[in-house]
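Please read the structure below before turning to the comments.
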There are 2 protein chains.
Amino acid sequence: MSEITAKITPPQDFDTLRAAILERKGELPKRLTQVAAYALDNPDEIAFGTAASIAQSADVQPSTLVRFAQQFGFDGFSGLQLLFRARLRERTSSYEERLRALEQDGAALAESTTIFNGFIAAAHRSVDAIAAAVEPDAFERAVTLLANAATIYLIAKRRSYPISSYMAYAFGKLKVRCQLVGTSAGIDDDLLAMATPDDAAFAISFSPYASESAAQARTLAARGIPVVSLTDSAFSPLAECSREWFEVVEADHAGFRSLSASMAFAMALTVSIAEKRRRG
Amino acid sequence: MSEITAKITPPQDFDTLRAAILERKGELPKRLTQVAAYALDNPDEIAFGTAASIAQSADVQPSTLVRFAQQFGFDGFSGLQLLFRARLRERTSSYEERLRALEQDGAALAESTTIFNGFIAAAHRSVDAIAAAVEPDAFERAVTLLANAATIYLIAKRRSYPISSYMAYAFGKLKVRCQLVGTSAGIDDDLLAMATPDDAAFAISFSPYASESAAQARTLAARGIPVVSLTDSAFSPLAECSREWFEVVEADHAGFRSLSASMAFAMALTVSIAEKRRRG
DNA sequence: GTCAATGTGGAATGTTCATTCCAATTGCGG
DNA sequence: CCGCAATTGGAATGAACATTCCACATTGAC
């Protein structure tokens with residue numbers, strides 16, 4: 001009983017699999033062709049369903065699904081299904097695929113190159129994520145709120161400080177009055193004591209949240225000063241005391257995050273506010 | 001044994017569930033709060049994983065996941081998981097709609113939305129540009145140079161200051177000695193006078209170039225201290241006095257630039273340096 | 001028309017998984 | 001400090017599942 005089907009290595013990503021299916025579609029037996037057509041037409045079903053449910057939809061037996069997967073070098077149906085799931089995960093950020101292509105050369109790459117590519121990919125994903133997460137209406141409300149403020153207080157400590165410092169720089173250029181809170185010790189609270197309900201605040205804080213930022217935001221909110229915030233989780237203490245808040249999930253590489261997406265958001269907010277003021 | 005938990009009907013869609021979780025996050029026990037945070041921060045994991053794998057990631061027991069789901073009226077964990085899957089199915093289409101709206105450019109859109117989309121697109125382009133522009137070998141050389149320095153001096157003024165300030169923050173966490181130059185008036189030159197050829201400098205400057213940054217970099221270079229720089233043009237005064245220099249062209253929107261690509265580069269450099277040191 | 005080879009359906013199997021249950025622990029009110 | 005209730009961890013359970021296997025059907029060759 002000589003094994004004809006030499007052990008082929010299965011496709012590693014969805015596109016390769018798709019190409020392989022299309023290529024062999026003609027030479028496949030009837031039922032397997034049926035599965036092939038169904039798989040390419042209903043990839044989402046394959047990703048989420050169970051073998052039994054998919055088999056029913058495609059009008060074949062579960063065992064046929066297994067045979068189909070084995071035709072393409074997988075151990076069983078589950079291995080093939082993983083590729084369909086991965087596709088769904090990465091559809092938003094196709095950069096994962098690009099990165100994996102980069103990493104395939106990876107053995108020969110210097111570690112610094114791997115790290116660099118990782119941060120580039122993370123930046124892309126982060127920007128995609130914030131583009132999807134920010135609701136235009138909420139953004140517009142936040143802009144209006146801040147544009148109407150006499151002075152905008154920018155609250156940020158530690159990791160988020162670079163963002164607010166860039167906003168302060170840009171506001172300066174744009175002739176929008178703002179006050180950076182979070183620089184050096186002590187004077188912060190005195191500064192904030194001067195804020196009135198005619199003003200507004202923009203607070204930024206990422207996990208692990210600096211307790212002063214949250215406390216300051218809460219204090220301002222309690223005094224009737226509207227707070228807009230940028231944070232990385234709905235569980236942030238900032239979320240609950242803000243009129244409007246936005247979530248930015250900076251993808252990380254090896255546990256470190258760049259601020260790429262936050263920076264883009266911050267500049268969009270800054271310029272939008274200035275523009276709204278200019279127009280009256 | 002009177003049943004207290006009257007049979008509540010579970011949320012029917014993801015947004016409702018999300019709202020319910022946020023609403024009750026305060027009154028939930030510790031482990032369930034942990035699950036709540038994990039679920040909202042890693043929805044994709046919930047959608048695809050098995051109860052066991054998710055439990056491990058979230059650092060709880062599988063049974064806790066079931067209890068969590070039951071808190072919100074589901075029979076078990078599987079019912080809750082369905083909502084996370086449905087969300088993923090729908091997200092793809094809504095994200096594509098968003099991109100289409102982005103390209104249609106603005107008829108009915110609020111101005112802030114146009115600006116926001118513009119900065120998102122600019123961030124994408126910038127990151128692509130720097131990924132293409134940075135040569136791995138040069139990057140590796142720069143990392144080596146800076147990793148060997150006793151103290152790393154970070155020179156940046158104005159627009160580039162937020163980047164160096166984030167690097168300084170990260171270096172602090174990573175236990176890499178560095179000195180931020182460019183904060184307040186006067187003391188800069190005194191600081192730099194202490195630098196020796198065992199040290200190194202990383203300078204950042206974008207057009208219009210702050211004259212002090214260029215002058216400081218030149219002075220250091222003349223004293224035999226290696227300088228690495230990040231700038232936006234080959235004509236930058238920094239380029240000529242640097243051992244290694246990198247070009248980042250931040251795409252702009254309406255004349256304003258975010259620092260998205262520079263931030264990604266800076267973090268890649270920072271982490272690479274720390275990693276190289278750690279490995280000896 | 002017969003035989004062999006290939007393809008197919010469906011039951012049987014063994015594994016993985018969600019769920020349940022109970023004991024141990026923690027936190028809280030007295 | 002004690003006792004009770006709520007919460008938690010982890011093993012036990014039973015259901016759902018992918019996979020395998022075998023009998024049967026179909027196809028194509030001689």
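All chains are named by letter (A, B, ...) in the order of the sequence lines, taking the proteins before the strands, and each is independently numbered beginning at 1. These numbers come from a predicted model, not from an experiment.
If you check D:dT19, D:dG10, D:dT8 against the side chain of B:Ser63, the one that comes closest is D:dG10. Listed nucleotides: C:dT8, D:dA18, D:dT8. Nearest to the side chain of A:Leu32: C:dT8. Side chain of A:Pro62, nearest nucleotide from C:dA18, D:dG9, D:dT19: D:dT19. Taking every side-chain heavy atom of B:Arg67 into account, D:dG9 is the closest of C:dT20, D:dG9, D:dC21.
Checking the phosphate oxygens (OP1, OP2) of C:dT20, a side-chain nitrogen or oxygen of B:Gln70 falls inside 4.0 Å. In terms of phosphate contacts, B:Gln61 brings a side-chain nitrogen or oxygen within less than 4.0 Å of OP1 or OP2 of D:dG10. Using a 4.0 Å cut-off, some side-chain N or O of B:Ser78 falls inside it from OP1 or OP2 of C:dT19.
Rounded to an integer number of Å, the gap from CD of A:Gln56 to P of D:dA16 is 15 Å. For the pair A:Phe48 CZ and D:dA18 P, the interatomic distance rounds to 15 Å; values are reported in whole Å. When the P atom of D:dA18 is taken as reference, atom CG of A:Leu80 falls 12 Å away, rounded to whole Å. Distance B:Arg31 CZ to D:dG10 C1': 13 Å, rounded to the nearest Å. For the pair A:Asp75 CG and C:dT15 P, the interatomic distance rounds to 15 Å; values are reported in whole Å. Between the CG atom of B:Leu82 and the P atom of C:dC17 there is a distance of 17 Å, rounded to whole Å. To the nearest angstrom, P of C:dC17 lies 14 Å from CG of B:Leu65.
Residues A:Phe246 and A:Phe265 bring their aromatic ring centres within 6.0 Å.
Within the 4.5 Å cutoff, side-chain heavy atoms of B:Phe68 are placed close to those of B:Leu80. Two residues are said to be in side-chain contact when any heavy atoms from C-beta on lie closer than 4.5 Å; A:Ile155 and A:Ser164 fail this criterion.
Across all strands shown, B:Pro29 has heavy atoms under 4.0 Å from sugar-phosphate atoms exclusively, and none from any base.
Between B:Asp59 and B:Arg31 there is no salt bridge, since none of the side-chain N atoms of the basic residue sits less than 4.0 Å from a carboxylate O of the acidic one.
For A:Thr64 and C:dG7, a side-chain-to-base donor-acceptor distance below 3.5 Å is absent, hydrogens and geometry of angles not being considered.
For the pair A:Glu247 and B:Asp41, the tightest heavy-atom approach, listed with the atom from each and the gap, is OE2-OD1, 4.2 Å.
Residues B:Phe77 and B:Lys30 both approach DNA chain C. Their nearest nucleotides, taken by heavy-atom distance, put B:Phe77 toward the 5′ side.
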